[in-house]
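Proteins get letters first, then strands, A, B, ... in listed order; numbering begins at 1 in each. Please read all numbers here as calculations on a predicted model, not as lab measurements.
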Protein chains: 2
Amino acid sequence: MQNLQIGEAPELRHRRTSSDYIADALRDAINGGQLEDGAVLNQVELAEHFGVSRVPVREAIRRLEAEGLVEAAAHRRAVVRGLSLDRIAEVYELRALLEGHLTEQAVPNFDRADVERLNELNRQLREERDHARWLELNAAFHETLYAPAGRPTALELVDSLRQRGERYVQMWSGGRGLERTSQVAKEHTAIVRCVRRGDAAGARDAIVAHIEHTRDAVLKLHRAAAGNGDGSR
Amino acid sequence: MQNLQIGEAPELRHRRTSSDYIADALRDAINGGQLEDGAVLNQVELAEHFGVSRVPVREAIRRLEAEGLVEAAAHRRAVVRGLSLDRIAEVYELRALLEGHLTEQAVPNFDRADVERLNELNRQLREERDHARWLELNAAFHETLYAPAGRPTALELVDSLRQRGERYVQMWSGGRGLERTSQVAKEHTAIVRCVRRGDAAGARDAIVAHIEHTRDAVLKLHRAAAGNGDGSR
DNA sequence: AACTGGATGAATGTATACAGTAGTCCCGCT
DNA sequence: AGCGGGACTACTGTATACATTCATCCAGTT
């Protein structure tokens, strides 16, 4: 009954059910762009595709629905819920607000090791060429930045928002995206500098600016790529 | 194919499935205190209670899980997820942040009719004696305050946070709660005053103060009622 | 010719049945 | 007597089968 010191990660490691697996797979497919906005999620098709019955597929869809990634009215097909430009902008606006708050709370609690970890992650980010790995490192940087705040609920919300916006960042894998990734490293460096000298307000402003720049870059790419009938809804 | 002007409420009115119904019922039971923190959700029991099979019960639980109201590890019983004092405080902290933001965005978009509706709701709040109805009116007041902001995602987040905290407000139904409800009306009046004269920053500060006071009142009641082994987890 | 109405097919929602896992209790061992 | 291991029970996870709803198409009517 006592909490062991070993940590709680292992307990959930391989206990994944089909439903868990399918939910993750669908999430990745949506974020990766294989399932575009408005794509229909047919339970029978998905069940056959994954080689399971419809039951776990349904549960996976329910979860994605609660996460806001798909829309599923009763007795009607579930469809991937796309974000309009306005809503994309709003997601970043909220992230700026929440992550700024988290940063401000976190800075006073940083110790030397935390700062070094942050710096190291940013160094790796500069050198990483593989896009998927880059995204992971970027997520790790932000997590490390917010962890000392000790605000689990805020982290949940931010995670949820990142989840919703992630598919619109995937486009950075090539072309103009490279400019942005190097810019990101610079902005991260500015953040680290503030954290190091314990400047909470400065760090907050820096992360807010960082997220707003990211928003601008995403919107720019999205508008450019929106030759198709998009943006509405 | 065109959007009708009639509105979209009726389309979902009576299309509720068992799963929807059960999810709502469980939510209400959790928020109403019938299901306390740590209560076990046995699928078989619930299915018998509602007179259905386990399938819709499972789907309802998955939703509540995604909403953060219950905790459900694989192959293990789902339990109602209680909030520690720290997490309750955090929920209100986040609400202050988000609702302050929403208010600030909303104020410039208010027209005369919006202000009057807000004022009328506050008037009704002052006179309402039934606690359940009071909670509804209170929710309506806040919704009306934020609607002109045009920020659907932010509203979703706030809804989710209100959902999580609501069960800790139920205690106001009697005793010292009455003091708080009259205080709430006063704070609402201050907010309406700022809205009426278009003072966005003032309205934001007023709503932030309002939510922080609410937090203090909830924490105080919670601490007082916590003679039992509570507070942790 | 356009529209209403119902019948048909396909998809979703639910029930029942089966499979697998985790906790529990009891027995045997040290 | 305390501890470890294995069967048992109860519960969750999944598959299959049935019920219900929705959408589409076609015919009949105005």
Side-chain angles (χ1 to χ4, degrees), chain A residues 1-4 6-27 35 38-67 69-81, chain B residues 1-4 6 8-27 35 38-67 69-81 233:
Chain A
M1 211 26 136
Q2 319 207 50
N3 283 346
L4 298 177
I6 302 174
E8 47 189 359
E11 70 172 311
L12 301 173
R13 196 97 53 103
H14 279 302
R15 303 287 109 149
R16 286 156 47 93
T17 65
S18 305
S19 172
D20 292 335
Y21 175 79
I22 293 169
D24 288 348
L26 289 177
R27 238 193 310 268
L35 286 173
V40 170
L41 299 180
N42 183 315
Q43 296 178 6
V44 177
E45 268 180 37
L46 290 173
E48 285 173 3
H49 175 72
F50 288 110
V52 298
S53 81
R54 277 171 47 223
V55 177
V57 171
R58 290 176 56 79
E59 294 194 359
I61 289 177
R62 287 283 167 277
R63 282 189 232 193
L64 298 181
E65 184 189 3
E67 290 172 18
L69 285 173
V70 310
E71 210 162 2
H75 295 127
R76 226 158 286 166
R77 295 167 180 147
V79 298
V80 176
R81 185 169 138 177
Chain B
M1 208 36 127
Q2 320 205 44
N3 283 346
L4 298 178
I6 303 173
E8 49 188 359
E11 70 172 311
L12 300 174
R13 196 97 53 105
H14 279 303
R15 302 287 106 148
R16 287 157 45 94
T17 64
S18 305
S19 171
D20 292 334
Y21 176 78
I22 293 169
D24 288 349
L26 289 177
R27 237 193 311 269
L35 287 172
V40 171
L41 300 180
N42 183 316
Q43 296 178 5
V44 177
E45 265 180 40
L46 290 174
E48 284 173 4
H49 175 72
F50 288 108
V52 297
S53 80
R54 277 173 46 224
V55 177
V57 172
R58 288 176 58 78
E59 295 193 0
I61 290 177
R62 287 284 167 276
R63 285 188 229 193
L64 298 182
E65 183 188 5
E67 290 171 19
L69 285 174
V70 310
E71 210 162 3
H75 297 248
R76 227 159 287 167
R77 296 167 181 148
V79 298
V80 176
R81 186 169 133 177
R233 196 102 245 193

Quick one: [X] [atom1] to [N] [atom2], roughly how many Å, whole number?
{"X": "A/Arg58", "N": "C/dA15", "atom1": "CZ", "atom2": "P", "answer": "11 Å"}
{"X": "B/Asp20", "N": "C/dT12", "atom1": "CG", "atom2": "C1'", "answer": "13 Å"}
{"X": "A/Arg62", "N": "C/dT12", "atom1": "CZ", "atom2": "P", "answer": "10 Å"}
{"X": "A/His75", "N": "C/dG13", "atom1": "NE2", "atom2": "C1'", "answer": "5 Å"}
{"X": "A/Gln43", "N": "D/dT14", "atom1": "CD", "atom2": "C1'", "answer": "15 Å"}
{"X": "B/Ile61", "N": "D/dG13", "atom1": "CD1", "atom2": "C1'", "answer": "12 Å"}
{"X": "B/Phe50", "N": "C/dG13", "atom1": "CZ", "atom2": "C1'", "answer": "17 Å"}
{"X": "B/Leu46", "N": "D/dC11", "atom1": "CG", "atom2": "P", "answer": "12 Å"}

task: Using the closest heavy atom to pick a nucleotide of DNA chain D for each, name whichever of A/Pro56 or B/Val40 lands nearer the 5' end.
output: B/Val40

- request: May I ask you to verify whether the side chain of A/Arg54 and the base of C/dG13 hold a donor-acceptor pair under 3.5 Å?
  value: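 Check passes, donor-acceptor contact within cut-off.
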
- request: Would you indicate, yes or no, if D/dC22 has its OP1 or OP2 atom less than 4.0 angstrom from a side-chain nitrogen or oxygen of A/Arg77?
  value: no

- request: Output yes when at least one side-chain N/O atom of B/Ser18 is less than 4.0 Å from OP1 or OP2 of C/dT14, else no.
  value: yes

query: If you pin A/Asn42 and B/Val55 to their nearest nucleotides in DNA chain C, which one's is more 5'?
result: A/Asn42

- prompt: Out of C/dT14, D/dC22, D/dT14, which has the shortest distance to the side chain of B/Ser53?
  reply: C/dT14

statement: Taking C/dT12, C/dA22, D/dA23 as options, the one with an atom nearest any side-chain atom of A/Val44 is C/dT12

field: Atom of B/Val70, atom of B/Ile61 and distance for their closest heavy-atom approach
entry: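 Looking at all heavy atoms of both residues, the shortest contact is CG2-O, 4.0 Å.
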
field: Closest contact, heavy atoms only, A/Ile22 versus A/Ala60
entry: CG2-CB, 3.7 Å

query: Are the side chains of A/Leu41 and A/Leu46 in touch, meaning some heavy atoms are under 4.5 Å apart?
result: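 Yes, their side chains come closer than 4.5 Å.
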
A/Glu65/A/Arg81 ion pair, N-O < 4.0 Å: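 A salt bridge is absent here (no side-chain N lies under 4.0 Å from a carboxylate O).
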
- request: Look up atom CD in B/Glu59 and atom OG in B/Ser18, then write down how far apart they are to the nearest 0.5 Å.
  value: 10.0 Å

